Amino acid sequence: MTVADSYGTILQFCAVFMLSLHRAWVRWAGGVLLAASLCLDIMTAENTGFILVFWICALAFAVIATALRHTVRRQWVQRRGGVL
């Protein structure tokens with residue numbers, strides 16, 4: 001793993017985390033970071049098809065993780081009587 005791969009991985013984790021946050025501008029920034037990370041991966045990859053399939057799976061995971069986080073938070077708020 002090279003230094004560029006490490007930066008790409010960190011960029012991806014930050015982008016997925018930003019997508020799960022509440023503010024709209026933070027989610028947009030996370031989407032931009034994901035797009036930038038995808039472009040970096042495609043430019044440095046030998047097998048572009050594999051990268052695209054990997055990215056589709058990674059985005060599906062990000063959507064599922066975000067939905068799960070929101071569901072858990074909503075249930076937690078309901079159990080506490082609507083108080084955060």
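Not measured: the values here are computed from a predicted model.
- Linking ILVMFWY residues whenever their side-chain heavy atoms come closer than 4.5 Å, directly or via other members, places F50 and L52 in the same cluster.
- No path of Ile, Leu, Val, Met, Phe, Trp and Tyr side chains, each step under 4.5 Å between heavy atoms, connects F54 with F13, placing them in separate hydrophobic clusters.
- A search for side chain to side chain contact (heavy atoms under 4.5 Å, CB included) contacts involving L11 returns L33, S37, L40, not counting sequence neighbours.
- Connection of W25 to M18 is established within a shared hydrophobic cluster, with ILVMFWY side chains joined at heavy-atom distances below 4.5 Å, either directly or through further cluster members.
- Contact between G30 and A15 at its shortest, heavy atoms only, is O-CB, 3.4 Å.
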